[in-house]
Each structure stands twice: as C-alpha cells, then as structure tokens.
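Notes follow once the structure below has been shown.
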Amino acid sequence: MSTPETPYPSDFIRELIREDLKNRKFDSRVHTRFPPEPNGYLHIGHAKSICLNFGIAEEFKGLCNLRFDDTNPAKEEVEYVKSIKEDVKWLGFGWDNREYYASDYFEKLYGYAVDLIKKEKAYVCDLSADEIREYRGTLTEPGRESPYRSRSVEENIELFEKMRKGELPDGSRTLRAKIDMKSGNINMRDPVIYRIMRADHHRTGDKWRIYPMYDFAHCFSDSIEKITHSICTLEFEDHRPLYDWFLEQLNVYHPQQIEFARLNLSHTVLSKRKLIQLVQEKHVSGWDDPRMPTISGLRRRGYTPESIRNFCERIGVAKRDSTVDMALLEFCIREDLNKHTQRVMAVLRPLKVVIVNYPENQAEELDAVNNPEDPGMGTRKVPFSRVLYIEKDDFREDPPKGFFRLSPGKEVRLRYAYYITCTGVVKDKNTGEVTELQCTYDPATRGGDSPDGRKVRSTIHWVSASHAIEAEVRLYDHFFTRPVPGGESNDFKTDMNPKSLESLKSCFVEPCLANAKSGDRFQFERMGYFCVDPDSSDKGLVFNRTVTLRDTWARIEKAQKKN
RNA sequence: UGGGGAGUCGUCCAGUGGCAGGACGGCAGACUCUGGAUCUGCUUACAGGGGUUCGAAUCCUCUCUCCCCAGCCA
C-alpha cells in the first residue's frame, strides 16, 4: 500500500511499467521473476534485484516468480538452491507455489530448438570450441560462416537427436542459431544454443545429455511463464537483440527485457567468482562468515531483513555504474537496531575497579532502561558490588585534551549506578601496565543522579565482576582496506584487511544475557550492536559485532593524532 | 579501431525548457545518565566546446572519459 509516509520509490523501470499499464500493454498485467543460478550464495547485490522484482510485483499488484536458472549442471548444486530459497524468504518475500526451474522446461526448450531447425534458423555445427572462436571473428572484424551452416533440416534433426541421446562425445558438436556472422553484435554471430554435456543434473539426473545455453533458455522460460518485464543487469543489454530474435522467430509470447546497473559496494567484492574464491581458499570461514557480503553472512553478522530492504530502497535503481559507500549500509542497520534492540552493558576489554568504600560481600540491584527509544521495552535490574570491570579505554592515567572519562582524581558516573572518583592506580611491577583502579563512590548518587546537582562530564558502562558472564566477542572491520579491492593492484586479494576479525575471549556481559539465544541482538551501550553467534554453546556465549555506534570521541582522537 | 551503454555534490539517487534537490558521508553547534540517539546549520556537483532559445542539466552538434561484449558460463 502506498501511503504518504512510505511512498514507493520511483525509478526508470517503474516509470516504464506505469507507461505500459497506461497503454494496456501485457493486458495490464505485471509479472516479474527473480532468476538466480544455483551456483553460489546470494549476496547484497542479489538483494537489490530481489527487492526490485518482488517489490515491483507487490506495488503493481502483480506476481513475481522464483526461477532457478539451472542450465549448467557442471556448476550447480542443491545446496545452493536451498540457501537461495532460505535467503529470499528471510528477506521477507514469498513466491507461493511459483517456484520454477529452467530445467522443468527442458522438454519444451528442446521442442523450440527443433522448431528453429525446421525454420532453418538453427543448425548442428561440428566445429570445435577453438574453431568456433576462430570463426567468430573479433570485435572489429566480422566472423566467417561455419562450413556446417547449410545442412539439411533432416540431417540437423537427426544429429540433434543423437546429441540428445548422448551418442556423441562432449564438445564434438553444438546446436547454433543461424543469424548473422557479420553482425557488429558478437552475440548475434550464430551463438551456440545447445552443448553436449554428459553430466548429471541436480534435478533431471541423467535424462539429458545436452543442455541449453542461457540466451536460449532464458527468453523462452520468461515466455513460458508469461513474464511481462524481464529485469536483468546491464551486461545483458547487448543480449537483448538475441532475446528478442528467438521469441520473434517462433512467434511466441514476448516479454520485455529491461536492464539496470548491478550493485557495487565499497570495501567488499560482489562477484560470485571472487566470493567463491574467498570461501574455497579459506580466507573466510564459509559463505556465512560475518564478513561476507552474502545474505547469510549479513544475517549471521546481525543485519535485519528490514535494514537490507531499506538499503535497497535508498540506493535507487539506474543505468549508470556506481559504487555505493558501505557507510550507507551501516547507517541502515544502525537506524533499525537503534529503534529495536535492547541495551545492555558489556565490557570488552576489562579493567578491574575496586570501590574501596563499598562494603565487601554487599550487592544491590539497580534499575536500568532497556531501550530509551522505546519505553515499552521496560526496565531491568543490574547487580552492583564492590569489584567491577570497566572498559580499559575508559581510563587514562594521563588524559589527553578533551578526554572526559576516568582518570586519577576525576569523577565519572557509572551508568544507572553511582558517581565514582579514581583515587588510586595499581600497576604491574614489570610492565607498568595498569591492572586495577581504586575508586570511591558517593552513596548519595545512587541511580546516577547527584542531589547537590553537581555534574560529571562522562557516563561509563560497567559490570559487576562477581555477577558478570564471561563471553567471547568478535569484532569485525571491512574485509578489504580499499574502497575498490584490487582497484590499484589488479588483484583484489592484496587488499584484504589482515585485521578484519579480532576475537576477544574474555569479555564480561551483564547477567541478564544468560539466556540469550543464537541470533538475538543487543546494543552493548557505547560499544555497538551485537548479536549472538551460532557458535555459542553451553561452554559460553559468542557475540558478533554487527556495527559500531557512531563514536565522536574516536573521531576527535583520530583528528588529534593527525595534527 | 565494430557493437551496446553511461557521464549531476566525496558517494548514491532525483530533476525531462523556468531558482539544481534529497539521502549518506564530512564539518560546526544544540541537547543528552550511551562522546549513542535526536535536532539545527554549513559544505560541495550538471565531463568539455559550440549552437537553438527570453531562458538549457534538460533540445541540436562536435569532442572527451568510463563501463560491457570475442564461454560449448550466467
């Protein structure tokens, strides 16, 4: 439903569809499809396409099919089919019973090929792969016609049948469209439409020994499904004449192909070839490594489907190549998580604090707000006692200019607890490292407010040492250091960030997290948004940092270091 | 050098003959029991040259730059 608050986005594709609707083209229907090849996991670039295709169907009260483009058994696997379905669903889209496979159409497609042969628009060619390449010509020189181009219809049909039955070896023959070897568009120089590939298919088993090529399978699949607008990426723009040619030759239902620019995201790679390389060469733990731009990686990282959909809306749809800044994706997830996640205190790099004037063996419970953005999320109790942990970074023995946190003689507020003042610093005799702080607290400031109205510059988070739960926390940074990996070296792997994962083993979190389940999301106050990783077990919780909070102090400090 | 596309703030997207706008980023400030969130302000762009027009990002023209195509991958 379109409302003033959430207008549907406008872009050249939607404009075109509105125009078609106005002209009653396609009987005023809108029917799109999302056509992944099951040869890898879906990534954020696919999310753009999914949101576009399913989003348009929803907006124009049409339908969107999920269709697996499974015409190459050498690369495709059921594992990928499974993950793709899961990811599309998780993103929030459904296809009812319209789950289709190009392989379901193999018989029909074969028939279309035979029809083409009968119309003398296709022929069986004996040229080898190398010879075909040679005959194709180059970008600037026309190609030459295959010597097998003028075989009789009967011979072609007979040979094509033999190909189908597996009577001919792989690569020995192809079925080619008879178009124009002199075309400036290389796709039109008698493209191969069927190849012999005596490989088993994940759905059709050993039934087929020949498999159709993309250009042939795709347009007819769209046609069979009565797709109205076949939306694909820019690199298929010069395949459109071929798409149109096939459908025109056989005079069948003819959808309209529309091309848009694929997504590029800074500091990552979105090509299946590169992603599969990262997985196979074990630069990441798998397709769902939280540093991967895959849907499953983002999910494990703690991204919400809402934030990804919102991102896809914000980046827009156009025809020019572009690289979206990762900062926008991060903005989208912060925006969502800020509104919806529970706040909790967690100390990632613990520094022991002893409140010297707080009685030993005493403990009390203090009230904490679960989400200041949403009072409906209520409050919780946080235990306080004599020995606490605070963040190492929240103490400086020699505070730089503008550092408001704890330092010797200075007073800060412990969130929801008391004002404390640092009275002593204990150091390791050998290394000089600060190992413990001695502080005094002001009992009158219980809950965090001072009756005398005195102010503190800073509020820091903390946990009670004896109550806290120890946990592992994994901090992630960009997987690539440069905005465009390989942009300078031409090898994307040289730009991998050696510090993209930092695992902190002894962090302390509030006891209220004891029952947190895999996938649960929290804001660790002042640190960022985190979610429970599936690696968590009864041995201990593991958290992934989804994204940091905006950190003004970090930026000030960075600027100070530069000067 | 064949064919197909594309050039608007740092980034992404609008604007289709009438004051170039939004978002992200950045910078500055207000507020704050998260140096969070929120709010306010600022910043910067029509690839270039000619032309048409009262008026051009928009129309015409020439030029330049970038992307894609020579898989029996999709």
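Throughout, a chain's letter reflects where its sequence line sits, starting with A, and its residues are numbered from 1. Every heavy atom of this structure was used, including side-chain atoms; hydrogens, water molecules and symmetry mates were not. Bear in mind the structure is a predicted one, so any value in this text is a computation, not a measurement.
By the salt bridge (charged side-chain N to carboxylate O under 4.0 Å, His left out) test, A:R446 is found to be paired with A:E364, residues two or more places apart in sequence or in another chain being considered.
In a base pair of the Watson-Crick type (N1 to N3 plus N6-O4 or O6-N4) or a G-U wobble (N1-O2 and O6-N3), with each distance short of 3.5 Å, B:U16 is matched with no nucleotide.
A:I276 places its CD1 atom 16 Å from the P atom of B:C73, with the value rounded to the nearest Å. For the pair A:M181 CE and B:C69 P, the computed distance is 19 Å after rounding to whole Å. Between A:F260 atom CZ and B:C68 atom C1' the separation is 15 Å, expressed in whole Å. The distance between atom CD1 of A:I315 and atom P of B:U11, rounded to the nearest whole Å, is 16 Å. When the C1' atom of B:G71 is taken as reference, atom CG of A:N39 falls 14 Å away, rounded to whole Å. The NE2-P distance, from A:H267 to B:G25, rounds to 14 Å in whole Å. The CD-P distance, from A:E131 to B:G71, rounds to 15 Å in whole Å. Distance, A:L52 CG to B:C12 P: 18 Å, rounded to whole Å.
Residue contacts shown for A:S322 are limited to sugar-phosphate atoms, with no base heavy atom under 4.0 Å away. Nucleic acid contact for A:D215: none, since no nucleic acid atom lies under 4.0 Å from a heavy atom of the residue. Using a 4.0 Å heavy-atom distance criterion, A:M188 is classed as making no nucleic acid contact. Residue A:E15 is in sugar-phosphate contact alone, with no base atom involved, counting any heavy-atom pair closer than 4.0 Å across all strands shown. Among the atoms of the strands shown, only primed sugar atoms or phosphate atoms (P, OP1, OP2) are found under 4.0 Å from some heavy atom of A:V317. Note on A:L127: a base of the nucleic acid sits closer than 4.0 angstrom, heavy atoms only. Within 4.0 Å (heavy atoms only), A:T71 reaches sugar-phosphate atoms of the nucleic acid but no base atom. If you check every strand for non-hydrogen atoms under 4.0 Å, A:L414 touches nothing. Residue A:H218 is classed as having no contact, given no heavy-atom separation below 4.0 Å to the nucleic acid. Residue A:A318 is in sugar-phosphate contact alone, with no base atom involved, counting any heavy-atom pair closer than 4.0 Å across all strands shown. Heavy atoms of A:Y416 sit under 4.0 angstrom from at least one base atom. Note on A:R133: only backbone sugar-phosphate atoms sit closer than 4.0 angstrom, heavy atoms only; bases stay farther off. Using a 4.0 Å heavy-atom distance criterion, A:Y194 is classed as making no nucleic acid contact.
Side-chain N/O atoms of A:R343 and A:H461 include no donor and acceptor closer than 3.5 Å.
A sub-4.0 Å separation between OP1 or OP2 of B:C73 and a side-chain N or O of A:R195 is present. Close to B:C69, at under 4.0 Å from its OP1 or OP2, lies no side-chain N or O of A:R189.
Ion pairing between A:K381 and A:D367 holds under the 4.0 Å rule for side-chain N and carboxylate O. Checked for salt-bridge contact, A:R380 and A:E510 meet the test: a charged N lies under 4.0 Å from a carboxylate O.
Separation of the P atoms belonging to B:U58 and B:U16 is 12 Å when rounded to the nearest angstrom.
A cation-pi contact links A:R144 to A:Y135, judged by a cut-off of 6.0 Å to the six-membered ring centre and 45° from its axis.
Considering all non-hydrogen atoms of both residues, A:Y211 and A:A199 come closest at OH-O, 2.7 Å.
The side chain of A:N187 has B:C69 as its nearest neighbour among B:C72, B:C69, B:C24. Closest contact between the side chain of A:A327 and the listed nucleotides B:C69, B:G25, B:C12 involves B:G25.
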Point to revise | Derivation and outcome, side chain to side chain donor-acceptor pair (under 3.5 Å), residues A:Y529 and A:Q523 | key: CA-CA 4 Å; A:Y529 296 97; A:Q523 183 197 98; 3.2 Å; yes
Study note, to complete from the structure: Under a 4.0 Å heavy-atom criterion, the protein footprint on nucleotides 35-45 of chain B, written with B, S and -, is BBS--------
Nucleotide N/O to protein N/O under 3.5 Å, stretch nucleotides 4-7 of chain B:
from	atom 1	to	atom 2	distance (Å)
B:G5	O2'	A:E237	OE1	3.3

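The aromatic rings of A:F530 and A:F524 sit parallel, their planes meeting at an angle under 30°, below the 60° perpendicular limit.
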